[in-house]
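What follows is a short report on a single structure.
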Amino acid sequence: MKDVRFTKLVLFVNSLVPLALLLFDLYRKRVGANPLEFVTRTTGMLALVFLVISLAVTPLRSTTGLNWLIKFRRMLGLFAFFYAFLHLMTYVAFDRFFHLTTIPADVLKRPFIAIGMTAFLLMLPLAITSTDKMVKRLGGRRWANLHKIVYAAGIFAVWHYYLLVKSDVRLPVTFAFVLAVLLGLRLLAKFYKAPNVPRTTN
Ligand code: HEM
């Protein structure tokens with residue numbers, strides 16, 4: 001993989017396409033009878049999908065030997081955080097109208113909100129420590145240990161999704177299955193460590 005910068009640019013632009021489509025749908029008023037629900041669900045789904053794709057990088061890399069995949073993991077993780085942030089802001093701005101004091105009562109009424117917030121709070125330190133400077137400051141091993149939180153974030157995100165779905169739980173259960181497979185592969189790799197795969201934080 002020679003031209004990493006170009007590939008990163010392609011990935012960056014493509015990762016913004018869903019946002020562009022969402023904004024276009026909003027502009028054309030093609031967001032159904034409940035625009036708040038449409039935007040919340042779209043951004044939530046995007047956050048979860050990017051989170052799962054970023055989690056798939058390491059197992060894919062160790063099973064296929066495609067080491068260059070690691071170069072895109074950080075960007076994928078940051079897009080997960082970006083869409084989760086948009087998701088949170090949609091809730092705060094258009095569901096709560098910035099009346100933050102109404103959130104505790106809403107959490108009591110809809111406990112899945114608290115689970116989603118936990119997922120977001122778990123993603124926050126990962127986003128903050130994603131820069132090269134922070135990786136250096138923490139040191140590779142501590143950084144890697146901290147970033148194991150990402151699995152907890154994934155579990156809370158899927159749990160949040162499962163709780164909010166009212167009847168058809170097939171999709172959240174599928175996400176839970178994929179997450180379990182990815183976590184299982186990670187644990188297997190820990191026990192049968194491939195000696196030729198170098199550690200990198202990219
Ligand atoms: C930051 C705190 C969060 C809040 C306040 C929040 C709130 C919500 C709300 C109100 C809904 C819509 C429920 C409905 O329409 O009945 C929703 C849906 C969803 N959220 Fe969150 N959420 C949060 C964090 C997250 C995170 C971190 C993720 C994933 C990484 C996530 C993934 C989802 C998914 C997948 C859906 C359902 C999408 C669909 O129905 O297609 N949420 N969330």
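Numbers here are sequence positions counted from 1. Atoms considered below: every heavy atom in the structure, side chains included; atoms not considered: hydrogens, waters and symmetry mates. Order of appearance sets the numbers: ligands from 1, and atoms from 1 within every ligand.
Close contacts between ligand 1 and Ile113 involve ligand atoms 5 (C), 7 (C), 10 (C) [criterion: under 4.0 Å to a heavy atom]. Residue Ala119 approaches ligand 1 through these ligand atoms, each under 4.0 Å from one of its heavy atoms: 27 (C). Residue Ala47 has at least one heavy-atom neighbour below 4.0 Å for each of these atoms of ligand 1: 29 (C), 30 (C). Close approach of ligand 1 to Ala157 is summarised as follows: ligand atoms under 4.0 Å from at least one heavy atom of the residue are 29 (C), 30 (C). Atoms of ligand 1 lying under 4.0 Å from at least one heavy atom of Glu37, given by number and element, are 15 (O). Annotation for ligand 1: atoms under 4.0 Å from non-hydrogen atoms of Leu88 are 1 (C), 2 (C).
At least one heavy atom of Phe112 sits closer than 4.0 Å to an atom of ligand 1.
Counting only distance, with no hydrogens or angles, the side chain of His160 and the backbone of Ile115 share no donor-acceptor pair below 3.5 Å. Remark: side-chain polar atoms of Arg96 are not paired, donor with acceptor, to backbone N or O of Ile103 under 3.5 angstrom. Checking side-chain atoms of His87 against main-chain N and O of Thr40 turns up a donor-acceptor pair under 3.5 Å. Trp143 places no side-chain N or O within 3.5 Å of a backbone atom of Met134 that could act as its donor or acceptor partner.
Protein heavy atom closest to atom 12 (C) of ligand 1, with residue, atom name and distance, is Thr40 CG2, 3.7 Å. Looking only at heavy atoms of the protein, atom 5 (C) of ligand 1 is closest to Tyr91 CD2, 3.4 Å. Scanning the protein for heavy atoms near atom 24 (C) of ligand 1, the closest one is Gly116 O, 3.3 Å. Scanning the protein for heavy atoms near atom 32 (C) of ligand 1, the closest one is Gly44 O, 3.4 Å. Considering only non-hydrogen protein atoms, atom 31 (C) of ligand 1 sits nearest to His160 CD2, 3.4 Å. Considering only non-hydrogen protein atoms, atom 41 (O) of ligand 1 sits nearest to Met45 CE, 3.7 Å. Given atom 36 (C) of ligand 1, the protein heavy atom at minimum distance is Leu164 CD2, 4.0 Å. Counting protein heavy atoms only, atom 14 (C) of ligand 1 is closest to Arg41 NH2, 3.5 Å.
With rounding to the nearest 0.5 Å, the separation of CZ in Arg30 from CG in Leu21 is 11.0 Å. Atom OG1 of Thr7 is separated from atom CZ of Phe72 by 4.5 Å, given to the nearest 0.5 angstrom.
The shortest N/O to N/O separation between His87 and ligand 1 falls below 3.5 Å.
With hydrogens and angles left out, the side-chain atoms of His147 and Ser130 include no donor and acceptor closer than 3.5 Å.
Closest approach of Leu76 to Ser54, counting heavy atoms only: CB-CB, 3.8 Å.
Aromatic ring centres of Phe82 and Phe50: separated by at least 6.0 Å.
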* For the pair Phe120 and Phe156, evaluate ring pair (Phe, Tyr, Trp, His ring centres under 6.0 Å) and give the outcome as yes or no after the intermediate values. => CA-CA 9 Å; Phe120 181 79; Phe156 275 92; over 10 Å; no
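The residue from Phe120, Phe50, Phe156 that puts a heavy atom closest to atom 1 (C) of ligand 1 is Phe120.
Summarising the local packing, CZ of Phe85 is surrounded by 12 or fewer heavy atoms from other residues, nucleotides or ligands at distances under 6.0 Å.
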